[in-house]
K.L.:
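A single structure is presented below for examination.
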Amino acid sequence: MFRPVTSKPDFVAQEHEILALWRDRRTFARLRAQNAGGPKWSFLDGPITANNPMGVHHAWGRAYKDLYQRFHAMLGEDQRFQNGFDCQGLWVEVNVERDLGFTSKRDIEAYGIDRFVTLCKQRVLTYAARQTEQSIRLGMWMDWNDPADLRRLGELLGHEPSAVTTIEGPDGPVTDTVEMLVGRLGMPDIGGSYFTFGNENNDLIWGFLAEVHRRGWLYKGHDTMPWCPRCGTGLSQMEMNEGYQDREDPGLTVRFPLVDRQGESLLVWTTTPWTLTSNVAAAVGPNVRYVKVRQGEDRFWLGKGTLKTALQGPFTVEEEVAGSELVGWRYTGPYDDLPAVRSAFADEYEHRVVLWDEVGEDEGTGIVHIAPGCGSEDYQLGKMLGLPVVGPIDEDGRYLDGFGWLSGLDAPNVAQQIVDDLERRGFFYHLEPFTHRYPHCWRCATPLLYRLVDEWFIAMGPVYDQPRETLTTEQVEASLRYQIMEVVDRIRWIPDFGSDRELDWLRNMHDWMISKKRYWGLALPIYDCGACGTIDVIGGREELHARAIAGWEAFEGHTPHRPWVDGVRIACSRCGAPVERIKDVGNPWLDAGIVPFSTLHYREAPDYWAQWFPADFITESFPGQFRNWFYSMLAMSTVLKRQEPFKTIFGYALVFGEDGRPMHKSWGNAIEFDEAADRMGVDVMRWMFAKARPEENILFGWHAADESRRELLILWNVYAFFITYARLAVWTPAEAAPPVADRPVLDRWILSRAAGTAAVVEDRLRDVDAVGATRALSAFMDGLSTWYLRLSRRRFSRSDDARDRVAAFATLHEALVATCRMLAPILPFLSDAMYGNLVTTVDGTARDSVHLTGWPTAELAGHRDERLEASMASAQGAVDLARTLRSIAQLKTRQPLAGAWLALPDRGLAVGPDLLRLIADEINVKAVTIIDDESALIERRVKPLLPKIGKRLGSSIPAVIAAARSGDVRFEADGSVTLAGITLAPDEVEVQATPRPGTAVAEDDGLVVVLDTALTPELIAEGDARELQRAIQDLRKEAALELDDQIDLWVGALPPAVATHLPSVATETLAEVVEGEPPAGLPQATVELDGGPVVIALRRHADDG
RNA sequence: GGGGGAGUAGCUCAAUCGGUCAGAGCGGCGGGCUUAUAUCCCGCUGGUUCCAGGUUCGAGUCCUGGCUCCCCUACCA
């Protein structure tokens, strides 16, 4: 017997029960064992940053991951399920700093890098544990560590990292120091999630960097780069994107007095007053005209096109020249007296005017302040012209020594002091706020500065100014970016615009800045010899050991992180001098990019790697990843193997609040994952996610969840109905049922629909189209509930025909089980809860989870009957039309009518007696008759199929359409038709029936229904009987009686014609009619019948008397 | 600043190769069915398909220009 089922399910509680079942029965482990050795489908998990609890935006992507892994598991495919965590990088550091109340890198160094790095590791372990729990709650089935183990390691790490401890692995216990166990997480002997801070991960990146160096693509760049003064680090091009914000800066116009032209000055505009200390030149444009203007005693030079905007007050133009005329003029800089400037200018340099193509007149004065120490374009220009460089600020954005009163001040905050100073010394001209887009640190929102730095880069190779297909092999060999593009071409991008985005990024990508002047991250294995300038790059831990000349003992036993690895020295490969590692750590996208190698055991098990590489599938949110994970994987895989790291990539957009804005705590539209899981349940969430169009942002909120839940409740109610009546009837699947071919048309229809849906959903999911899959599933569930079940209810509840009843139960059972299997990848909890009751409780030999069953397409295929499905669609259309007619005629569906007529479009459909009976029942008429186009009620109409004839007929189309509309048609013997003198072949038109004017009919796309609206006394009496029955059922419901309670019924005086129906009404309502007046106090009601009001009353029939 | 995409009902979105009447869901209003249903069905309401031109027998769809929004990209001083 099935377990009883409530009609008001608590999905959340049920999900927790299912989680417990999966755990107790080891369902996931059994699934993997079942599929072991099957065809491989390689999924690679993009690592989630283990730095905070998981958000609902993560849940969207992780729902996709789980959906497709479960689906492919149902196809019997063998998979890797390894979960991954991203661990290293500034985002973790920033949070640890915040916890400690630190404000600068000096705080970290004073605290101790070793303790700081340990805290970073602990934070990662803490949130890895938390995210693991949340992912389990989401229903994900992945290979990960017991969260308790991660927490224990984190705790031990804080106390005694070198203590030896033991952890349970898949093949037995593993013993090592705490620190090394943490470094070995995710390796085969320990199992579970991979962590990008792992030893193997770092080691393989070293190998990658050594290879890059071997090919000559690694270099140290001296340049001005965007710099975050709070984080004390440069930003790579990848990181620059998020942080552009509108910002108001001082728009300052200063005067640079000309040395050789007494009383004359250049006017120069800047939005970064702090860079004025570093001015070495003023640039003019070759195609810009310059004028000298007089204002009072002053003479100013500026671009002609900027006169109106740049100058304040009245002026007189005295002279006009080309930009080239100004070149070479010497001027006095505003900060020439500062010691740093004096020493930079020591070899006789003087400020002068230079020519630069980029100068324009859109903003400012047409004369550009050039400070090569404070801007990268300035730097390039300065390099070309041999200008001195004055770099004014340190890592924290403070002025260095040698800048007089400015030394020690925060550069971004000195604008007002500089203005005051310039004003006092006569350099000031005008100040006006200026709003522009300005880059900010993506991590801490601090406005960036441009700072002179040494950083490490991977060269991307030249960009050729020619179409890619015209490149020679030599050109491609010389340019990494084009090699990556070739790899991109071999990947399927979904949605397909992804490919263009990635190629666009690669075309515009500058050299990849991989260094960061921070603490927690990949230790770059670069050894830069101070003695001879040789650069050695170490390709792995073993190589480091072999080449170490000092410090190895102290390092041994530690993970390859700062500060421990910093103490190891090697001998320079050229001059033999002892060399230290550079202090920088690596760009964190290196960590994630190596994952297709490190997690697949590229180094220690090449055969295994070759089986799983490239991945068949990855999925991540598109925004951002083109230049991050996708890019780094592509770059590393191209360098190491010249091969695509994944074959298909599915991208999706962002999760927004229900109000269409990004989720933001202070806006009140943010929803935490845990809260969503507790209140809406994760299946509801997963259904929303699966239905959402991936290329659009999803608007996530409680109302959307309610809509989603309603859909699941429809299914649940079908299921609850089935269970209720199967229990009453004591039916189980063991009972022999008639062959499907012998079952009623509705049964054959719903099973055909199930078969068709399974095929469509499989096709859609294989094609990574969850939207298409959910649409097909929604349509199927709707048909199951509102058509199949609604029309079949009597067969379950009170059928006299035992054989028919068994057919109904068997059909609905099979349809529901098929539904569970089709829903399993999307709704793992609901589907398994229903399946458990539908199958496991009654069949001890069946698999005990829906997730262990295979995908059902093949099993259902025999049920498919597409012709029947099309005919049923017509029947449904006919019912809709009849309802419309009833509504217009104000005849309730309860009122029986004598008959209806039906005309079908000419589509070769067969609506046999079965379907006519079904339509008749549904619209409550005695009989439905098919009419043909000879009937007096309708006439034939021709619908020209425009897409077919349009090209052939051209301008005569309007006449053809007009003729078709007016019915001016000649039907030819061969089936062709003539309209407006033009003959159309049979396959160029569709012949439809349409109503002749003046009859009571409804029509839709050739389907015509005519309703006999005449009421006879017999029909009215029958309608009254139905009304009476409904009132009794209402009253039963009101009295809260059980479905199978017998009742005593009192009915007031009825007209004789209605009274004849009373016995059947009594049967329907399980009533025994009692004569006389009802006892007082019983539930009663008044029914408005055609013959007048009638009072009814009832009570539960006493069991024994 | 450069490049790309999108504008369809109050909201979220459909509309096949250019094809006859631009449709759903949600919302609102009215009605109906129902002892599976907090479901569902029917009807009504709601549209200058962003604007202006053009191509075509025919344009939501293609072309040109404009407006608005989004995304990508960018240190123009």
Side-chain angles (χ1 to χ4, degrees), chain A residues 5 7-8 224-226 237 240-241 244 251 268-272 275 282-283 356 358-360 362-371 374-378 436-439 448-450 497 500-501 504-505 508 622-623 626-627 653 658 660 693 695-697 699 703-704 706-707 709-711 713-714 716-725 782 785-787 789-790 793 796-797 879-888 890 892-894 922 924 943-951 953-961 964-965 1030 1032-1034 1036-1038 1040-1043 1045 1069:
Chain A
V5 161
S7 62
K8 294 182 172 56
T224 47
M225 297 288 293
Q237 190 192 356
M240 286 292 290
N241 181 51
Y244 279 88
V268 171
W269 183 72
T270 180
T271 56
T272 48
T275 65
W356 187 29
E358 302 298 312
V359 175
D362 296 340
E363 285 162 350
T365 63
I367 303 177
V368 178
H369 152 58
I370 300 294
C374 305
S376 89
E377 286 185 336
D378 301 35
H436 59 157
R437 299 278 288 172
Y438 193 83
L448 301 179
L449 306 172
Y450 284 80
F497 63 79
D500 291 337
R501 289 259 191 95
D504 189 54
W505 167 255
N508 295 306
F622 262 3
F626 291 104
R627 63 179 166 279
E658 212 155 27
R693 300 196 322 145
E695 63 270 40
E696 304 279 340
N697 294 331
L699 306 185
H703 293 99
D706 284 342
E707 261 187 59
R709 178 183 298 102
R710 263 200 291 274
E711 265 190 271
L713 278 173
I714 293 173
W716 182 268
N717 284 316
V718 175
Y719 160 73
F721 174 94
F722 169 83
I723 294 293
T724 303
Y725 286 99
D782 186 66
S785 167
T786 65
W787 193 248
L789 185 60
R790 199 163 49 77
R793 274 175 301 195
F796 296 92
S797 56
V879 168
D880 277 357
L881 291 173
R883 289 221 184 92
T884 304
L885 286 174
R886 276 184 175 274
S887 179
I888 293 165
Q890 299 204 310
K892 293 180 178 181
T893 307
R894 267 199 299 282
E922 183 62 8
N924 197 17
K943 179 176 164 183
L945 299 173
L946 288 175
K948 281 193 177 171
I949 62 171
K951 289 231 163 53
L953 298 186
S955 60
S956 40
I957 292 269
V960 171
I961 292 175
R965 283 206 182 131
R1030 187 195 59 80
I1032 295 166
Q1033 301 289 28
D1034 266 2
R1036 283 184 62 115
K1037 200 174 187 177
E1038 235 171 86
L1041 299 187
E1042 294 298 322
L1043 287 183
D1045 281 338
T1069 55

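Residue numbers begin at 1 in each chain, while the letters A, B, ... track the order of the sequences.
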K.L.:
Is any side-chain nitrogen or oxygen of A/R501 closer than 4.0 Å to OP1 or OP2 of B/C72?
P.N.:
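No, no such contact exists.
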K.L.:
Between B/C71 atom P and A/D504 atom CG, what is the distance in whole Å?
P.N.:
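After rounding, the reported distance stands at 16 Å.
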K.L.:
Identify whether the distance between the nearest side-chain nitrogen and carboxylate oxygen of A/D706 and A/R709 falls below 4.0 Å.
P.N.:
yes
K.L.:
Taking pairing as Watson-Crick or G-U wobble with both contacts under 3.5 Å, can you name the mate of B/C62, or confirm there isn't one?
P.N.:
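WC or wobble partner is B/G54.
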K.L.:
The side chain of A/W269 lies closest to which of these nucleotides: B/A77, B/G19, B/U34?
P.N.:
B/A77
K.L.:
Between A/Y438 and A/L448, which heavy-atom pair has the shortest distance, and what is it?
P.N.:
OH-O, 2.7 Å
K.L.:
Which of these nucleotides, B/A38, B/U34, B/U35, is closest to any side-chain atom of A/R1036?
P.N.:
B/U35
K.L.:
Mind checking whether A/V960 and A/I957 have side chains closer than 4.5 Å, heavy atoms only?
P.N.:
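Side chain of A/V960 against side chain of A/I957, heavy atoms only: no contact under 4.5 Å found.
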K.L.:
What is the minimum heavy-atom distance between A/N508 and A/D504, and which atoms define it?
P.N.:
ND2-O, 2.9 Å
K.L.:
Quick one: which of B/A77, B/A38, B/A36 gets closest to the side chain of A/H369?
P.N.:
B/A77
K.L.:
For the base of B/U39, is there a side-chain donor-acceptor partner from A/R710 under 3.5 Å away?
P.N.:
no
K.L.:
Out of B/A77, B/U73, B/U34, which nucleotide sits closest to the side chain of A/V359?
P.N.:
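That would be B/A77.
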K.L.:
Think A/R894 has a side-chain N or O under 4.0 angstrom from the OP1 or OP2 of B/G32?
P.N.:
no
K.L.:
Report yes if a side-chain nitrogen or oxygen of A/Y725 is closer than 4.0 Å to either non-bridging phosphate oxygen (OP1 or OP2) of B/A36; otherwise report no.
P.N.:
yes
